[in-house]
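Numbers restart at 1 for each chain; the letters A, B, ... are given by sequence-line order, proteins then strands.
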Amino acid sequence: MRHAGIRLRTGPFTVRIRSAIPSVVEGVAQLYADFPIAPDDAFIDFHIELAVPQWLRHWFHPQVQFWHDDYAPFLPLPLDQAYPMLEWGMNWCVTAHAHQYLLVHAAVVEQQGRAVILPAPPGSGKSTLCAALVNRGWRLLSDELTMIRSDGKIVPLARPVSLKNASIDIIRQFEPSALINRASHDTAKGTVAHMKPPTDAVLRAQETADPGWIIFPKYTAGAITELHARPRAETFMQLANNAFNYTLHGARGFSLLENVVSASTCYDFTYSNLDEAMQTFNHLLEYA
Amino acid sequence: MILLARALNNPASVLELDATALDLLIRQARAANLLPRLAELLHAQNLLDQLPQAARAHFSAIRVITEKQHQALRWEINRIQDALKDAVPAVILLKGAAYVMADLPTGRGRFFGDVDLLVPKAQLNATEAALMLAGWISTHHDAYYQRYYRDWMHELPPMIHLTRKTVLDVHHTILPETARLHPDAQKLIDAAIPVPGYAKLKVLAPVDMLLHSATHLFHEGEFDKGLRDLNDLDSLLRHFSRQQPDFWPRLLARAAELDLTRPLYYALRYSARILATPIPPEVLQTAQQHAPNTFLLWLMDALFERVFQAFHTSCEGPLSGIARYLLFVRSHWLKMPFPMLVRHLFHKAFVSPKDATT
């Protein structure tokens, strides 16, 4: 990975990752082990590098810089955060460039060909819920970026799931066999680690899904596990608010989102217990 | 010729590129701010569908943005038209906004930043007032910068819209009052052409549009959009020379009339050398009369050719940084006399940062 880099296929994108930073090399080896390797002469969508900037402070508080080709979109971070920076950077590559899709800030999982889109502001427990679901029979499409193609299909990324703070231990307990890499501390989001995506999800990353449900999760300690039906119009507005590039797509974006919402049953979801949450989601399939 | 220049000059050649070369082309284009232009050329020649899907996606994505930007620009132009009402006879659109409203190929496949306007000096206050009433407010409120812009440079401080955050640059001539060349703005204004359907808007006549673009580029200090601007020039030259049979002689005559022969010489020279613009040999020979002396030309070649091609690691050289720096200094030297330059840089370095904290 130091020189030529590793070429991986992540959903519809081929990325080349170069880095000599040990935590990055280790993280990629652990979490991307199942991903298809692209040939040397493949077209690369994103040329990514994580490197230590050439400064004297390398010896005091070493830093890491994320590069997309010649461009560094972020300020440097402490070296300890190099692996999360790779994941955040890869998300940035998609949201900054992939406008052939309508991009929504939401997790998305699938079963029986139909997708559950889980939009939520940070801190609502969306990633924890997503991590739990993909360990209980749901296929991971993404924990962060729902990509909607112009024909209305949802396109997978199937990359590692990010876990924060308390979620890390919760998921370790919930699914001991899940591979979670070493945590990075004191990031802007607290303590962050990533969970290896299930092999099945990675192998099926070229398989799109149709929209089925749009569910807004909210974790509240002690809350009853419940689904509340949501009006479609309100869901449309919320989904548009959660889209990265809705305004770029103009009238076309409006139509596309309208189709997705019309095809979906929409709910608010409150929960405090992951096992109960899993049951509720399985019930969804019974009524599908 | 660099990969990107070859693709711009002959879009069909892109189909012959292998995956690695296509990948590099897209990266070069993105770095040069020319990905929208390349996408537009490929689309116009019906070549996009023949590209492999992965590469095509990058062009499709950029076209989504271009279309949106184009729409946003037209909205802004309509707001400007509304704002001016009866306050002023008309304003002249410059650069990107002009290319779009004049329906030129140069306006397609382009991103837009500020909208640039040109008005007669006597009309400046009325224009500023009309724009302020419609929501554009002045920036750079400290006394030094107000004077810098209004007295020394050739424009009002940038005006930013309260809610849309769009920026207007209102000029009364095309070069600063303090610069070494003095093109007569009134001649440009007199020759301006109305925009069909817009009572308040005009664009410069074709030769003037070309000369303005050339003057602007070859007085420029920052070249991150250098190749993009050179490509605009190339596009204007190709379009106007095809459209108007006597374009070349009129261009040369107008340059002499406006004291802009040196920037025109550079424009023709570098556009031909870097982007292979087809310019008749006799035109280049005539323009040659206004070339600098041999040493200076050698220096300008060394600087400009490096800087126009220094937008990406794949075509940058070890001396690109120095070349950029020297052209930056040159641009300031061209803008104002030396004592004023010293005072300006002093103020910028030591006074403005302090003011910024108050």
Which atom pair, heavy atoms only, marks the closest approach of [X] to [Y]?
{"X": "B:Ala61", "Y": "A:Ala98", "result": "CB-C, 4.4 Å"}
{"X": "B:Val64", "Y": "A:Leu248", "result": "CG1-O, 3.8 Å"}
{"X": "B:Ala19", "Y": "A:Ala42", "result": "CB-C, 4.0 Å"}

Take atom OH of B:Tyr325 as the centre, draw a 6.0 Å sphere, and report whether it contains more than 12 heavy atoms from other residues, nucleotides or ligands.
no

Mark yes when over 12 heavy atoms from residues, nucleotides or ligands other than B:Leu162 sit less than 6.0 Å from its CG; otherwise mark no.
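Buried by this count: over 12 neighbours within 6.0 Å.
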
Below 3.5 angstrom, are there any donor-acceptor pairs between chain B and chain A, and if so, which atoms and how far apart?
{"from": "B:Asp23", "atom 1": "OD1", "to": "A:His47", "atom 2": "NE2", "distance (Å)": "2.8"}
{"from": "B:Asp23", "atom 1": "OD2", "to": "A:Ile44", "atom 2": "N", "distance (Å)": "3.2"}
{"from": "B:Asp23", "atom 1": "OD2", "to": "A:His47", "atom 2": "NE2", "distance (Å)": "3.0"}
{"from": "B:Arg27", "atom 1": "NE", "to": "A:His47", "atom 2": "NE2", "distance (Å)": "3.4"}
{"from": "B:Arg27", "atom 1": "NH1", "to": "A:Asp69", "atom 2": "OD1", "distance (Å)": "3.1"}
{"from": "B:His58", "atom 1": "NE2", "to": "A:Asp45", "atom 2": "OD1", "distance (Å)": "2.7"}
{"from": "B:Lys68", "atom 1": "NZ", "to": "A:Thr247", "atom 2": "O", "distance (Å)": "3.4"}
{"from": "B:His312", "atom 1": "NE2", "to": "A:Asp69", "atom 2": "OD1", "distance (Å)": "3.3"}
{"from": "B:His312", "atom 1": "NE2", "to": "A:Asp69", "atom 2": "OD2", "distance (Å)": "2.8"}
{"from": "B:Thr313", "atom 1": "N", "to": "A:Asp70", "atom 2": "OD2", "distance (Å)": "2.9"}
{"from": "B:Thr313", "atom 1": "OG1", "to": "A:Asp70", "atom 2": "OD1", "distance (Å)": "2.9"}

Measure distances from B:Leu24 to the heavy atoms of chain A and classify the residue's part below 4.5 Å as side chain, backbone, both or neither.
neither

Under 4.5 Å from a heavy atom of chain A, the part of B:Phe311 involved:
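For B:Phe311, the backbone is the part near chain A, not the side chain.
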
